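Keep in mind the model is a prediction, meaning the values are calculated, not measured. The sequence lines fix the lettering, A, B, ..., with proteins before strands; numbering per chain opens at 1. As a basis for the values below, the full set of heavy atoms in this structure was taken, side chains included, without hydrogen atoms, waters or symmetry mates.
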There are 2 protein chains.
Amino acid sequence: MIVMHEDVGQLLREHGLQVTAQRSATIRAVSSHPHATADELIDDVRAVIGSISRQAVYDTLSVLVEKNLVRRIQPAGSAARYEDRVGDNHHHLICRGCSKMFDIDCTLGAAPCLVADEDHGFEIDEAEVIFWGRCPSCLKADAAENAAKEAARPGPSGTSRRGR
Amino acid sequence: MIVMHEDVGQLLREHGLQVTAQRSATIRAVSSHPHATADELIDDVRAVIGSISRQAVYDTLSVLVEKNLVRRIQPAGSAARYEDRVGDNHHHLICRGCSKMFDIDCTLGAAPCLVADEDHGFEIDEAEVIFWGRCPSCLKADAAENAAKEAARPGPSGTSRRGR
DNA sequence: ACCAAATATTTGACTCAGTCCAGAGTTCAT
DNA sequence: ATGAACTCTGGACTGAGTCAAATATTTGGT
């Protein structure tokens, strides 16, 4: 985690933003709960400063993203997540089973660690990489489930139903 | 584009699916409108077969994704998109301005073209890569807009307001 | 310290994408 | 042709996020 200013207000002011309890608490929440969704952050902020509107959190988050103090990740099939590791070009690994998300450091050098040959004349500013797979505990759960199914239906019947 | 069976029904049957006009039309729509959203596909299918429920299209799409006949891409900030290029491990380039999406062939060999060192014990099955940037026409539009702003306000005032 | 202007926050309604459900309609193997 | 299994429809519903107007707070100059 990047060195956290004890004085979050300082950080806000440096970026031309007014300092409010809501914003400070939101920044701290992002910092202490990496990969949290907006809703989780709202809960966390409420636990700290008592109450805040959903709107204020969304607004703060989008301002922070705009100022590049926070990165927003939006994996398929789940709400957006936020983290405060910015500028170090790392990637993400997500479990298809439980949706847990892990950081993966990029081993290929500086950003963007991938270069597209055919850039269609674009000015590319980011290469976003997401690895999809199954985490160890979901793998174990899958294995257990399959074993259970085998036990329940010992003889493989010839029914060619579509598997769901 | 992959060779399209004239007989889409064949393709469906091969994968253990029943053949219906709705499904055939949906497959054709995906094939002829790469990167379309579900809503666009619904419109297209309706134009071809007259009417279909949103549900049927969503259902068909998810079945096709499950059978690996169609790939689903869900970029941040927009609805899911579908394409029929599967199995050839290409990536995507999206414009931050107009959200247009382009295919980029992977130049690094076979899938997964990226390997994560630290895999946290995962069984990784896919590396999804999205390049973000600005397309040539949006770059031009930006330049024009900036020029206009400069003209309107010749002297750079010292106001350090937060830009929105 | 105080005031006015600028900026934030709240509240509540609203949009958009997608899902769930139960009943009616089709498809396919026999 | 028939029936069981599968698919489609229509409508209600959910969750994530956005919009806009009114209210409250912060800030900079005096």
Report yes or no: does B:Arg72 contribute a side-chain atom to a donor-acceptor pair with the main-chain N or O of B:Val65 at less than 3.5 Å?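 Checked: no pair found.
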Main-chain N/O of A:Gln22 paired with A:Thr26 side-chain donor or acceptor, under 3.5 Å: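 Side chain of A:Thr26 to backbone of A:Gln22, a donor-acceptor pair under 3.5 Å: yes, one is there.
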Do the charged groups of [X] and [Y] touch, with an N to O distance under 4.0 Å?
| X | Y | value |
| --- | --- | --- |
| B:Asp59 | B:Arg54 | no |
| A:Arg71 | A:Asp84 | no |
| B:Arg96 | A:Asp125 | yes |

Just checking, any donor-acceptor pair under 3.5 angstrom between side chains of [X] and [Y]?
| X | Y | answer |
| --- | --- | --- |
| B:His15 | B:Glu66 | no |
| A:His92 | B:Glu128 | no |
| B:His91 | B:Asp105 | no |

All N/O pairs under 3.5 Å across the protein-nucleotides 23-25 of chain C interface:
none

Between the two ends of the helix from C:dA1-D:dT30 to C:dT30-D:dA1, what is the bend in degrees, rounded to 10 degrees, where each end axis spans five pairs? 40°
What is the distance, rounded to the nearest whole Å, between atom [atom1] of [X] and atom [atom2] of [N]?
| X | N | atom1 | atom2 | answer |
| --- | --- | --- | --- | --- |
| B:Asp59 | D:dG10 | CG | C1' | 15 Å |
| A:Gln22 | C:dT11 | CD | C1' | 14 Å |
| B:Glu66 | D:dT7 | CD | P | 11 Å |
| A:Arg46 | C:dT9 | CZ | P | 14 Å |
| A:Leu17 | C:dT7 | CG | C1' | 11 Å |
| A:Ile42 | C:dT11 | CD1 | P | 13 Å |
| A:Arg23 | D:dT27 | CZ | P | 10 Å |
| A:Ile52 | C:dT11 | CD1 | P | 11 Å |

Closest contact, heavy atoms only, [X] versus [Y]:
| X | Y | value |
| --- | --- | --- |
| B:Arg81 | B:Pro75 | CD-CG, 4.1 Å |
| A:Val86 | A:Val70 | CG1-C, 3.7 Å |
| A:Phe122 | B:Gly133 | CD2-C, 4.1 Å |

Side chain of B:Ser53 only, heavy atoms from C-beta on: which candidate in D:dC8, C:dT9, D:dT27 is closest?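 Comparing D:dC8, C:dT9, D:dT27 against the side chain of B:Ser53, the answer is D:dC8.
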Could you check which of C:dT9, C:dC28, D:dT27 has an atom nearest any side-chain atom of B:Arg13? C:dC28
Would you indicate what B:Thr20 reaches in the nucleic acid, counting non-hydrogen atoms under 4.0 angstrom: base, sugar-phosphate, or nothing?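 Answer is sugar-phosphate: B:Thr20 comes under 4.0 Å of backbone atoms only.
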Its contact letters, B for base, S for sugar-phosphate only and - for none at protein heavy atoms under 4.0 Å, make nucleotides 14-21 of chain D read --SSBBB-
